[in-house]
Amino acid sequence: MSHDPNLVSHLLSLSQRCTSMRELKTIHGRLLRLNLHLNTLILAKLLRFAAVSPSGDLHYAHTLFCHTPHPDTFFYNTLIRGYAKTASTSQPISLFTHMRRSSTPPDEFTFNFLLNACSRMLKLGEEIHGQVFKLGFSRNTHVQNALIHLYAANRFPEIARKVFDEMPQRDVVSWSSLVVAHVKARDLDSAKKVFDEMPERDVVAWTALITGFDRVGHFAEALVLFWKMQEAGVQPDEVTILGVVSACANLQDLEAGMSVHCYIEERGFSWMVALCNALIDMYSKCGCLEKAWAVFERMPRRSLVSWNSIILACALHGAGEEALRLFQEMTKEAGVRPDGATFLAAMSACAHEGWVVEGWRLLESMEREHGIPATIEHYGCMAGMLAHAGQLEAAYDLIMSMPVPSTEEVWRVLLSACKIHGNAAMRERIVNRLL
DNA sequence: GTAGGGTTAG
């Protein structure tokens with residue numbers, strides 16, 4: 001059955017411009033009705049949308065793939081690429097195995113996506129590295145870059161370096177990835193050294209270094225780099241600013257924080273949820289609950305972290321009522337599932353206000369109703385609350401019976417409470433335990 | 001049709 005070439009090219013351009021799964025399914029339906037569903041060119045476009053677009057549907061992509069009689073390298077690559085964005089490593093690997101069995105030749109794209117998919121599992125990544133070597137891709141810049149990323153992500157800077165050194169050609173990605181390898185290993189001296197040697201530095205390289213300095217506690221250095229970056233004529237983007245806001249927060253530098261906030265507004269970055277979350281945290285750490293609140297209120301979308309950040313901000317600034325009200329609003333009205341950090345924030349509010357009963361209620365409900373295991377921080381928070389309230393025996397019993405190992409910190413809190421409440425006997429009991 | 005940098009926790 002032959003088809004009007006105009007119709008085919010029309011459907012092709014439709015599938016190229018596809019913007020939603022609804023549209024995609026309509027096109028797919030038409031293909032089926034017209035018996036055009038084996039047209040690989042059109043199918044490839046549909047598959048790409050379903051597999052990699054943020055509004056795609058990986059399941060649907062996989063189904064499309066399965067109904068393709070002879071998927072070529074592009075089909076495999078695209079589906080592996082889609083899975084690389086998820087946590088699944090088994091799917092990309094089984095696709096690769098399938099690919100090898102069906103004698104579909106992998107190309108540089110295959111290894112790129114495959115290595116990305118496996119970057120959380122070093123063992124698998126190393127096996128892919130072997131295949132890269134065996135199949136002759138060890139001189140390909142993109143593939144080698146993905147290998148550097150693999151070893152960087154798994155904290156093996158020296159192997160990353162080895163891959164880098166053996167590359168016949170390096171691009172800015174190779175260099176940045178090496179900077180990242182040292183940053184991940186918290187070796188900022190080496191990171192800075194590589195950075196200084198770079199023939200050209202782009203926004204990613206600067207961002208990696210800024211974020212790195214922030215991570216290891218060199219906050220001021222991070223801010224200095226941010227200014228140098230702009231002097232060098234490189235435009236910071238959302239991710240850069242994320243690190244910069246975090247550095248301002250850690251420095252409790254309200255002035256710098258506010259100027260960065262202005263920058264965010266000017267550049268139109270405030271759509272980014274993570275960035276707003278970082279701002280909430282920054283204002284909270286700088287002691288400006290009102291400003292933290294203003295950011296939270298204006299957010300068009302909120303994530304779990306947004307709620308956690310604002311609840312903690314309220315908790316730490318003596319707005320316990322507000323913190324618990326937000327906790328209710330979050331879980332009941334907004335329908336956001338709390339996590340361990342949420343409960344810690346809400347319990348911190350109770351600790352701040354001395355609401356022991358409410359604290360207990362939260363600790364119990366997190367485990368029983370929400371199935372979130374309490375950590376030493378939750379128990380420590382609760383024990384501290386009890387100790388402060390003078391319920392020393394209860395605090396002691398809690399620490400002794402909790403299912404996680406206690407820390408010196410927890411005992412110290414109880415010790416000082418014993419001193420305040422004049423309980424010498426328990427003081428001695430604890431000291432003997434610690435010795 | 002390649003890639004690398006990413007927020008919360010007294």
Side-chain angles (χ1 to χ4, degrees), chain A residues 44-45 47-48 51-52 73-75 77-78 80-81 84 107-116 119 140-150 152-153 160 171-181 183-184 191 195 201-212 214-215 236-247 249 272-282 284-285 292 295-296 302-318 323 339-352 375-378 380-381 384-385 388 409 413:
Chain A
K45 307 290 178 205
L47 179 75
R48 191 179 65 186
V52 304
T73 306
F74 179 88
F75 279 74
N77 290 355
T78 305
I80 292 173
R81 184 181 173 193
D107 62 10
E108 50 189 296
F109 292 88
T110 317
F111 284 112
N112 220 320
F113 301 140
L114 201 54
L115 284 166
N116 271 329
S119 64
N140 181 282
T141 306
H142 284 121
V143 175
Q144 296 307 97
N145 287 349
L147 279 170
I148 297 176
H149 172 69
L150 168 76
D171 61 12
V172 66
V173 178
S174 330
W175 283 94
S176 309
S177 302
L178 189 58
V179 171
V180 171
V183 164
K184 287 253 156 84
F195 180 83
R201 300 169 194 91
D202 66 1
V203 59
V204 175
W206 283 98
T207 302
L209 204 59
I210 289 171
T211 308
D214 177 56
R215 285 278 158 75
D237 68 7
E238 291 91 329
V239 184
T240 320
I241 301 301
L242 207 46
V244 174
V245 173
S246 169
M272 191 167 149
V273 177
L275 202 43
C276 292
N277 296 344
L279 281 175
I280 294 172
D281 177 56
M282 185 272 292
S284 169
K285 286 201 172 111
V295 173
F296 179 78
R302 291 164 185 156
S303 69
L304 170 66
V305 177
S306 321
W307 289 96
N308 289 355
S309 305
I310 193 68
I311 292 173
L312 187 66
C314 290
L316 301 184
H317 292 89
D339 69 353
T342 319
F343 277 94
L344 189 60
M347 287 176 68
S348 299
C350 297
H352 201 276
T375 66
I376 181 65
E377 283 159 300
H378 299 95
C381 179
M385 230 184 289
H388 271 289
E409 166 78 26
V413 170

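In the text below, chain A, chain B and the rest are named by the order of the sequence lines, each starting its count at 1. Owing to the predicted nature of the structure, the values given are computational and were not obtained by experimental measurement.
Among the heavy atoms of the strands lying under 4.0 Å from A/Asn116 are primed sugar atoms or P, OP1, OP2 only; no base atom is included. Using a 4.0 Å heavy-atom criterion, one finds that A/Val183 contacts no nucleic acid atom at all. At the heavy-atom level, A/Val180 lies under 4.0 Å from the strands shown only through sugar-phosphate atoms. Using a 4.0 Å heavy-atom criterion, one finds that A/Ala274 contacts the bases of the nucleic acid, with or without backbone contacts as well. A/Thr240 comes within 4.0 angstrom of a nucleotide base, judged by non-hydrogen atoms across all strands. Within the 4.0 angstrom heavy-atom criterion, no nucleotide atom of any strand lies near A/Glu238. Note on A/Asp281: only backbone sugar-phosphate atoms sit closer than 4.0 angstrom, heavy atoms only; bases stay farther off. Counting any heavy atom pair closer than 4.0 Å across all strands shown, A/Leu242 reaches a base atom. Contacts of A/Val203 with the nucleic acid, taken as non-hydrogen atoms under 4.0 Å apart, include base atoms.
For the residue pair A/Ser306/A/Ser309, the side-chain donor-acceptor check at 3.5 Å is not satisfied. Side chain to side chain, A/Asp107 and A/Thr110 meet the donor-acceptor criterion of an N or O pair below 3.5 Å.
Under the rule for a side chain to side chain donor-acceptor pair (under 3.5 Å), A/Asn112 has no partner lying at least two apart in sequence or in another chain. With sequence neighbours excluded, no residue forms a salt bridge (charged side-chain N to carboxylate O under 4.0 Å, His left out) with A/Asp214.
When side chains are defined from C-beta on, A/Ile241 counts as touching A/Leu275, because their heavy atoms get closer than 4.5 Å. Side-chain atoms of A/Asp281 and A/Asn277, non-hydrogen and from C-beta on, never get closer than 4.5 Å to each other.
Rounded to whole Å, atom C1' of B/dG6 lies 12 Å from atom CD1 of A/Ile241. If you take CG of A/Leu147 and P of B/dT2, they are 19 Å apart, rounded to a whole angstrom. For the pair A/Leu316 CG and B/dT8 P, the interatomic distance rounds to 14 Å; values are reported in whole Å. If you take CG of A/Asn140 and P of B/dG1, they are 18 Å apart, rounded to a whole angstrom. The distance from atom CD1 of A/Ile376 to atom P of B/dA9 is 19 Å, rounded to the nearest whole Å. Taking atom CD1 of A/Ile311 as the reference point, atom C1' of B/dA9 lies 12 Å away to the nearest angstrom. The NE2 atom of A/His149 sits 9 Å away from the P atom of B/dG6 (whole-angstrom rounding). At whole-Å resolution of the value, CD in A/Glu409 and C1' in B/dA9 are 14 Å apart.
Under 4.0 angstrom from either OP1 or OP2 of B/dG1 there lies no side-chain N or O belonging to A/Arg81. Checking the phosphate oxygens (OP1, OP2) of B/dG10, no side-chain nitrogen or oxygen of A/Lys285 falls inside 4.0 Å.
The base of B/dG4 does not come close enough to the side chain of A/Ser177 for any donor and acceptor atom to sit less than 3.5 Å apart. A donor-acceptor contact under 3.5 angstrom links the side-chain atoms of A/Ser176 to the base of B/dG4.
A cation-pi arrangement is not found for A/Arg81 relative to A/Phe109, the charged atom failing to lie both closer than 6.0 Å to the ring centre and inside a 45° cone about the ring normal.
Taking the side chain of A/Phe113 as heavy atoms from C-beta on, and the options B/dG4, B/dT2, B/dA9, the nearest nucleotide is B/dT2. Residue A/Val204 places its side chain closer to B/dG4 than to any other of B/dG4, B/dT8, B/dG6. The listed nucleotides are B/dT2, B/dT8, B/dG6; the one nearest the side chain of A/Arg215 is B/dG6. Side chain of A/Arg48, nearest nucleotide from B/dG10, B/dG1, B/dG5: B/dG1. With distances taken from any side-chain atom of A/Lys184 to the nucleotides B/dG6, B/dT2, B/dG4, the minimum falls on B/dG6. For A/Asn277, counting side-chain heavy atoms from C-beta on, the closest listed nucleotide (B/dT7, B/dT8, B/dG5) is B/dT7. Closest contact between the side chain of A/Val239 and the listed nucleotides B/dT2, B/dG6, B/dT8 involves B/dG6. Of the listed nucleotides (B/dG6, B/dT8, B/dT2), B/dT8 has the atom at the smallest distance from the side chain of A/Val305.
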